[in-house]
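The figures that follow rest on heavy atoms only: side chains count, while hydrogens, waters and symmetry mates do not. Remember, it's a predicted structure, so these values are computed and weren't measured experimentally.
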Amino acid sequence: MLTFVMDLKFKYMKKSIITAAIAILFSVTAFAADGGRKDEKGGAIISYNVLNQFNASFKNAKNASWTVSSNCQKVNFILDGAQITAFYDMSGEYMGATQDVDFKVVPFYAQEDITAAYSDYTVKEVIKFQYDVTSTSAYAPTYFVDLKKADSEIILKVINGEKPVLYKTVK
């Protein structure tokens, strides 16, 4: 009878230890990841660190829509009536933001240079990249001007105070 009681205690202790180990494993896993929430596709997780940074940096953002790829966490949103896309790397660092803008927003000297040098091209798209969109003085924006003609397409890079340079030949 004594051995039966000892066997029963041992089995109970064994179950308790296994249950405790499983509970610890689950809690460590939960604390190891920063949690976050699923992106719009319902698959990848957006880091809480990134969500908190975004909410602090873009307090008045509306209609935020998140996407996570293999190399970045991206959010499309509206800020002061403008459609903006902000990018964060996978470790949660802010990389910058882009916005589609009109060619008239590109600095005037660059507009003149582009119009003179690429008169046979038409402006397809202009994207403004800026590290800090909430400040007007911290970082000057960089513009990417997509120019197209019948058989070719190029992208010029315009940095404030510099001449436009060929960034990429698309075709």
Glu125 side chain to Val145 backbone, donor-acceptor under 3.5 Å: no
Polar contact flag, side-chain donor to acceptor under 3.5 angstrom, Ser47-Asn49: no
Test log, rule side-chain contact (heavy atoms from CB on, under 4.5 Å), inputs Gln53 and Tyr88: CA-CA 10 Å; Gln53 282 184 60; Tyr88 298 85; 3.9 Å; yes
Donor-acceptor contact below 3.5 Å, side chain Thr122 vs main chain Lys148: yes
Within one Ile-Leu-Val-Met-Phe-Trp-Tyr cluster: Val106 and Tyr118, side-chain cutoff 4.5 Å: yes
ILVMFWY cluster, Val158 and Tyr167 together (side-chain gap under 4.5 Å): no
Sidechain-backbone polar pair: Asp89 side chain, Gly92 backbone, donor-acceptor under 3.5 Å: yes
Gap separating the CD1 atom of Ile84 from the OG1 atom of Thr98, nearest 0.5 angstrom: 8.5 Å
Nearest atoms (heavy-atom pairs only) where Ala61 meets Leu79: N-CD1, 3.9 Å
Distance (rounded to the nearest 0.5 Å) between Thr142 OG1 and Ile159 CD1: 5.0 Å
Heavy-atom neighbours of Lys149 NZ exceed 12 at 6.0 Å: yes
Over all atoms of both residues, closest heavy-atom pair of Gln73 and Ile45: OE1-O, 4.1 Å
Phe87 atom CZ: more than 12 heavy-atom contacts under 6.0 Å: yes
Verdict with reasoning, Phe129 to Phe144, per ring pair (Phe, Tyr, Trp, His ring centres under 6.0 Å): CA-CA 8 Å; Phe129 171 82; Phe144 294 93; 7.1 Å; no
Minimum heavy-atom distance between Lys163 and Asp113, given as atom pair plus value: NZ-OD2, 3.1 Å
Rounded distance [0.5 Å steps], CG in Asn71 versus NZ in Lys74: 10.5 Å
hydrophobic_cluster_shared for Phe77 and Tyr48, side chain cutoff 4.5 Å: yes
Thr169 side-chain N/O to Lys171 backbone N/O, donor-acceptor pair under 3.5 Å: no
Audit row: Gln83, Asn76, side-chain contact (heavy atoms from CB on, under 4.5 Å) steps and yes/no: CA-CA 7 Å; Gln83 179 69 44; Asn76 294 306; 3.6 Å; yes
Parallel, tilted or perpendicular: rings of Tyr94 and Phe58 (30°, 60°): tilted
Side chains of Tyr121 and Ser152, donor plus acceptor under 3.5 Å: yes
Under 3.5 Å donor-acceptor, Ser119 side chain and Thr115 backbone: no
Connected via hydrophobic side-chain network under 4.5 Å: Tyr143 and Leu166: yes
Hydrophobic cluster identity match, Tyr109 and Val126, side-chain contacts under 4.5 Å: yes
Where Cys72 and Met90 come nearest, the two heavy atoms and their spacing: N-SD, 3.4 Å
Atom of Ala82, atom of Gln99 and distance for their closest heavy-atom approach: CB-NE2, 3.3 Å
Single hit among Leu147, Ile154, Asp146 for side-chain contact (heavy atoms from CB on, under 4.5 Å) with Lys124: Asp146
